[in-house]
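For this chain, numbers begin at 1 and follow the sequence in order.
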Amino acid sequence: MSTPTRAFQSLRLKNVGRSFGGQDALVGLDLTIRQGEFIALLGPSGCGKSTALNCLAGLLPLTHGEILIDDQRIDLLPAEKRDFGMVFQNYALFPHLTVEKNIAFGLEMRKVPKSEIKRRVADAIALVKLEQHIKKLPGQLSGGQQQRVAIARAVVVEPRLVLMDEPLSNLDAKLRLEMRTEIRRLHQSLGLTTLYVTHDQEEAMSMADRLVVLREGRVQQIGTPAELHNQPANWHVADFMGYRNLIDLTVTAVDGPTVTVGAPGFVLRGTAAQPVTVGANARVAMRPEDLMVVSPDVRVHTGNSVRATVSVVEYHGREFAVGVTGPDGRNLHVRADHAPEVGSVVELTADPARVLVFAADPVDPSALSVEERELLEVRT
Ligand code: ATP
């Protein structure tokens with residue numbers, strides 16, 4: 001298969017918004033997608049991912065903003081004129097058509113000559129490795145095979161953009177992993193430009209060149225997997241990127257980028273991921289793999305350690321996932337290269353560079369009860 005004939009340099013979403021009955025589902029989305037990129041739209045359920053994808057696809061009119069391909073507006077074009085391929089969670093195959101006919105459908109609609117249809121369908125079938133199943137109906141295929149048909153059907157028309165909305169969520173864990181690699185391989189080998197919606201951060205990190213993290217309809221951060229992994233823009237992104245330990249502590253000292261945070265019986269040195277001041281409430285984010293249980297006989301002097309009691313140990317192959325309770329009763333998720341005994345006291349250590357200190361969200365007084373508001377007034 002060749003590179004799409006109507007390829008573009010860049011596709012630009014400018015201040016795109018969509019509301020439903022006055023409720024914002026997507027607000028001010030600015031994003032430029034370059035030819036050949038794989039972009040993942042990532043966020044929790046209800047954050048506006050599908051709304052963004054459907055606006056781009058032409059399945060939902062915009063409430064605000066514009067969509068441009070190489071400076072030409074396309075947001076007023078109907079879906080079928082945008083020349084995009086779509087792959088959905090539920091496959092959306094024609095149940096009465098064979099695999100071959102499902103894949104040929106888009107080419108027949110475009111009145112492509114019969115001999116060319118034959119060749120391109122055969123190529124697409126080979127790409128997704130379905131040669132053994134061409135005469136079967138979708139109902140006679142497994143979920144993974146059906147999703148391969150849906151992908152072949154989307155790419156056979158050589159669309160200038162492929163849109164995928166949680167295409168793997170109906171598959172079992174093993175197949176999801178295989179299909180991830182498969183989709184990434186197809187993206188690369190066909191030179192596709194792909195926008196992929198998922199709520200699975202691991203999936204997004206492993207497949208995409210850049211990720212767009214959404215929360216409550218608003219972009220939180222756009223960046224490469226490494227940027228989001230190492231420098232999440234706020235604690236919400238950190239939470240989504242696997243920083244399972246989010247703890248509220250008070251800032252006790254600030255020395256350039258190094259911040260000391262604490263609570264009674266708990267002192268940690270970390271790195272300011274957002275500006276914070278002494279006395280302020282901070283939300284501290286740490287990934288379990290950055291918080292190591294140190295064996296009593298191997299003392300590591302990072303100058304950054306906390307004592308905790310082991311509450312649960314899970315075997316994870318090469319290492320152990322350990323739940324511990326800190327000195328002030330906080331539960332933390334950590335990793336160990338050995339299985340510490342439940343009930344034993346261990347020392348945890350963390351590199352201050354991997355302890356990210358964020359400003360806690362400002363308190364919204366309107367969301368508080370009368371008692372909480374009175375308390376806040378007394379404190380401030
Ligand atoms: P999920 O991962 O669960 O599919 P999502 O991130 O794709 O979620 P959207 O489907 O884009 O989220 O929904 C964003 C918000 O818009 C939600 O609050 C949802 O209830 C609302 N919404 C979406 N479609 C409609 C609609 N047709 N009518 C009214 N509200 C809608």
Flag, side chain of [X] to backbone of [Y], donor-acceptor distance under 3.5 Å:
| X | Y | result |
| --- | --- | --- |
| D200 | E202 | yes |
| E347 | S305 | no |
| Q145 | S142 | yes |
| R18 | H64 | no |
| R110 | G106 | yes |
| D290 | M286 | no |
| K49 | E166 | no |
| T309 | S344 | no |
| Q89 | M164 | no |
| T258 | V254 | no |

Over all heavy atoms of both residues, which pair between [X] and [Y] is shortest? Give the atoms and the distance, please.
| X | Y | value |
| --- | --- | --- |
| T193 | I33 | CG2-CG2, 3.7 Å |
| L348 | A308 | CD1-CB, 4.0 Å |
| L41 | A52 | CD1-CB, 3.7 Å |
| V87 | P167 | CG1-CB, 4.0 Å |
| L228 | I222 | CD1-C, 4.2 Å |
| Q231 | Q221 | O-NE2, 3.0 Å |

With a 4.5 Å cut-off on side-chain heavy atoms, are [Y] and [X] touching?
| X | Y | result |
| --- | --- | --- |
| L186 | V128 | yes |
| L291 | N245 | yes |
| L56 | L195 | yes |
| M292 | R335 | yes |
| V261 | V267 | no |
| L137 | H96 | no |
| M86 | L59 | yes |
| V284 | V355 | yes |

Roughly how far apart are [X] [atom1] and [Y] [atom2], rounded to 0.5 Å?
| X | Y | atom1 | atom2 | result |
| --- | --- | --- | --- | --- |
| T32 | E37 | OG1 | CD | 9.0 Å |
| I125 | L130 | CD1 | CG | 7.0 Å |
| H199 | S169 | NE2 | OG | 6.5 Å |
| N102 | L93 | CG | CG | 5.0 Å |
| T224 | H229 | OG1 | NE2 | 11.0 Å |
| R210 | I39 | CZ | CD1 | 4.0 Å |

query = Should V313 and V342 be marked as a side chain to side chain contact (heavy atoms under 4.5 Å, CB included) after you check the CA-CA gap, both sets of side-chain angles, and the distance that decides it?
reply = CA-CA 7 Å; V313 179; V342 172; 4.2 Å; yes

request  = Let me see the working for Q9 and Q35 under side chain to side chain contact (heavy atoms under 4.5 Å, CB included), right down to the final yes or no.
outcome  = CA-CA 5 Å; Q9 291 297 310; Q35 162 74 35; 5.8 Å; no

Answer yes if [X] and [Y] sit in the same cluster of Ile, Leu, Val, Met, Phe, Trp and Tyr residues linked by side chain heavy atoms under 4.5 Å apart, and no otherwise.
| X | Y | result |
| --- | --- | --- |
| V99 | F105 | no |
| L214 | L60 | no |
| V312 | V334 | no |
| L29 | V27 | no |
| M109 | V121 | no |

task = Start with the C-alpha gap between V276 and V259, add the side-chain angles, then the distance that decides, and say whether side chain to side chain contact (heavy atoms under 4.5 Å, CB included) holds.
result = CA-CA 8 Å; V276 288; V259 179; 4.0 Å; yes

Should we count [atom1] of [X] as having more than 12 external heavy atoms under 6.0 Å?
| X | atom1 | answer |
| --- | --- | --- |
| Q274 | CD | yes |
| E341 | CD | no |
| E80 | CD | yes |
| K101 | NZ | no |
| R12 | CZ | no |
| E131 | CD | yes |
| R330 | CZ | yes |

task = Tell me, please, whether Y243 has R287 positioned over its six-membered ring: NZ or CZ under 6.0 Å from the ring centre and within 45 degrees of its axis?
result = yes

message = Check the orientation of H187 and F38. Use parallel for under 30°, tilted for 30 to 60°, and perpendicular for over 60°.
response =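 The rings of H187 and F38 stand perpendicular, inter-plane angle above 60°.
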
Any salt bridge linking [X] with [Y]? Criterion: basic side-chain nitrogen under 4.0 Å from a carboxylate oxygen.
| X | Y | value |
| --- | --- | --- |
| R148 | E182 | yes |
| R73 | D75 | yes |
| R184 | D209 | yes |
| R244 | E289 | no |

Do you see a donor-acceptor pair shorter than 3.5 Å between the side chains of [X] and [Y]?
| X | Y | answer |
| --- | --- | --- |
| N234 | Q220 | yes |
| H316 | E314 | yes |
| Y196 | E203 | yes |

Audit row: E108, K114, salt bridge (Lys or Arg N to Asp or Glu O under 4.0 Å) steps and yes/no = CA-CA 8 Å; E108 281 165 1; K114 280 214 159 51; over 6 Å; no

Intermediate values then yes/no, side chain to side chain contact (heavy atoms under 4.5 Å, CB included), L42 and Q201 = CA-CA 7 Å; L42 177 67; Q201 59 92 9; 4.0 Å; yes

